[in-house]
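None of these values were measured; they are calculated from a predicted model. By convention in this document, chain letters (A, B, ...) are assigned in the order of the sequence lines, proteins followed by strands, and residues within each chain are numbered from 1.
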Amino acid sequence: MTPDISPQFDTSIPVIKIDGLTVHRGRYAAVENVSFELMPGTSSAIVGPNGSGKSTLVQAILDLIPRTTGSVQIFGRPIRKLGTLRHDIGYMPQNFIFDRSFPISVTELVQLGWVKTERGMSRNAAITQALQRVNAAHLRHQAIGTLSGGELKRVLLAYCLVVPRRLLILDEAFAEVDVQGEADFYTLLDELRREESWTVLQVSHDLEMVGRHCDQVLCLNRSLVCSGQPEAALSPQNLLQTYGPAFSRYHHHH
Amino acid sequence: MQDFLTLLHYPFMQRAIAAGVLMGLLCGFLGSFVALRQLSFFSHAVGHAALVGIAMGVLLQVEPTWTLLPFTLLFGVAVLYLIDQTDLWSDSILNIVLSGALAIGVILTSFIKGYRGNLMGVLFGDILAVNLTDIGLTFLLLVVSVSILLATLRQQILLTLNQAVAKVQGVSVQFHRYLFVVLLSLTVAVAIKAVGILLVNAFLVIPASTAKLLSHQFKPYLIGSVAIGAFSSVIGMIVSGSLNFPSGPSIVLVQFCLFLLVFGFTKLTAAWIKL
């Protein structure tokens, strides 16, 4: 395979670059003056208490809600100018499926993520491979309504994996997954990052998993309280500042 | 049945069956999306507002079809815009505009001089009165809707499932929402002459809901909705012709019976599996 030398695959360009981002929900500044960069192949987690603006930040990055000030660049471009590079982004929100009675099978759901690319596999091969990767090949004929919470999450991840991506954004993706399932997820994400240099950005509540699997932690409480490598960013003092005294008491006792 | 076979020789009956089948196909097809996008109250409101369009035609002394189509189209788009622009619940907005349009429609109707017997026709429709223009319009709308929605099926399903994900994947969510409302409003408008304001929604909602009971995969669901729509029209026309029942209500009655049958069937099989 010839190496890809087009400028958007340049590894020195940050996958996400955010500068002075402020987002209002009504009159309330839900995210204030946030700046950070994510380099290719890294895994980062946004942590913070409920209502700290984590989902708002993710939605503003993806241009799903308007931003008040600041700039967001993905793959070195403003998101509205991404064109077909959009297909390189996989996004898995917390409530992907609102209606579990929606008549759609696992295969049909994964197929929705597939787009024809020059280098890509055929559709059916891609769907089979994506489902195998998340250990869900045996579910392919099932309706989504019959899946357990953990199975549905795996299938949605297959939806994200069905074409090669460069950026995966997960918004509390593992909320309903059991401990083993979550560990498997992180192993798979590590693999994608190592082998295909995917960049992963996730909103997470599980500080232990974040500490073990992420290179960078962003502690958010409307503004960025701290950021950096997990050991440094998740220090008791930073946690106190991010989560407030109630959380740090909780954390010490358990 | 003999009566029905005799009736088949008449052009008006042939037109009625053609219109019924086309209507069943078109409404079954769009209805499958209407059910999943929870737009049934929307089409209900558009249907009632159509009274204004019809009354305008009568008052201006032009064929009501040509005032009805643009009016429902504008109404549908305006309502969607209103829903997007306010914080009110969409069913509140729909109730507001439905009531307002109905009031205007009834007042306009009171200006119509002389014979007003058509009002019953507007409420319940008369499939035996459809002409070739109506059939042509329905057919055109069917071809356009099927071409557009099938060509963009992946985007359509994605934006029905989750608009945010669809947007990230580059689907022009707003464009498709408005486009669908345009198709839906026009469909309601062309169906009204045949089945009337009160029953048009049955064509959009019942076949799709029946298909949803039967299938948990998208393609079979879509095909099922279309097939049930067309099948109900044929059986409904036979019932209507044989028993001398009004046509539109006969078709809706068949749709309703099919729904009950399928509902009972799925409950029975579920109970059977548990045994």
Side-chain angles (χ1 to χ4, degrees), chain A residues 26 55 58-65 74 79-116 123 140-147 152 156 159-160 162-163 165 167-171, chain B residues 28-29 31-40 84-87 150-176 207-228 262-263 266 270 273:
Chain A
S55 287
V58 165
Q59 286 168 21
I61 291 173
L62 291 168
D63 195 32
L64 295 172
I65 51 172
I74 298 184
I79 188 158
R80 291 189 188 179
K81 304 232 165 92
L82 277 181
T84 54
L85 285 179
R86 271 179 180 278
H87 301 316
D88 291 356
I89 307 173
Y91 171 49
M92 191 165 149
Q94 195 174 4
N95 50 355
F96 192 123
I97 306 287
F98 290 102
D99 174 12
R100 285 286 218 112
S101 77
F102 198 101
I104 191 167
S105 69
V106 166
T107 302
E108 285 176 313
L109 180 66
V110 175
Q111 194 178 318
L112 294 178
W114 190 83
V115 278
K116 201 174 160 69
R123 192 171 74 180
R140 66 179 168 274
H141 298 302
Q142 287 201 35
I144 54 164
T146 63
L147 305 177
L152 181 62
L156 291 173
Y159 160 91
C160 292
V162 73
V163 288
R165 315 262 187 205
L167 170 61
L168 191 58
I169 296 185
L170 307 165
D171 190 351
Chain B
F29 183 71
S32 60
F33 293 95
V34 169
L36 296 179
R37 293 181 189 175
Q38 293 170 355
L39 282 172
S40 63
D84 282 353
Q85 294 300 314
T86 65
D87 287 340
L150 286 191
T152 57
L153 192 60
R154 187 184 82 92
Q155 288 97 310
Q156 300 299 339
I157 301 174
L158 204 51
L159 83 93
T160 313
L161 260 180
N162 191 311
Q163 292 193 2
V165 173
K167 207 175 157 192
V168 171
Q169 254 23 157
V171 178
S172 345
V173 172
Q174 282 308 71
F175 172 76
H176 281 295
S209 304
T210 311
K212 192 162 180 266
L213 289 177
L214 282 171
S215 178
H216 304 291
Q217 296 189 24
F218 195 81
K219 271 181 195 147
Y221 160 72
L222 187 63
I223 294 165
S225 178
V226 172
I228 292 168
V262 167
F263 178 74
T266 50
I273 289 166

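Note that CD of A:Q142 is 13.0 Å distant from CG of A:L109, once rounded to the nearest 0.5 Å.
Using a 4.5 Å cut-off between heavy atoms, A:R80 does not touch chain B at all. The contact between B:L161 and chain A is made by backbone and side chain atoms together, counting heavy-atom distances below 4.5 Å. With a 4.5 Å cut-off on non-hydrogen atoms, A:T146 does not touch chain B at all. Contact annotation for B:T160: both backbone and side-chain heavy atoms come within less than 4.5 Å of a heavy atom of chain A. In this structure, the portions of B:K167 lying under 4.5 Å from any heavy atom of chain A include both its backbone and its side chain. Only the side chain of A:V115 comes within less than 4.5 Å of a heavy atom in chain B; its backbone stays farther off.
Residue-environment remark: CD (B:Q38) stays at or below the threshold of 12 foreign heavy atoms within 6.0 Å.
Of the listed residues (B:I157, B:V168, B:L158), the greatest number of heavy-atom pairs within a distance under 4.5 Å of chain A belongs to B:V168.
Residues B:K219 and B:L153 form a side-chain contact, since some pair of their non-hydrogen atoms from C-beta on lies under 4.5 Å apart.
Nearest heavy-atom pair across B:G170 and A:R86 is CA-CD, 3.5 Å. Taking every heavy atom of both residues into account, B:R37 and B:Q156 meet most closely at NH2-OE1, 2.7 Å.
Distance alone, capped at 3.5 Å, places no donor-acceptor pair between the B:S32 side chain and the B:A208 backbone.
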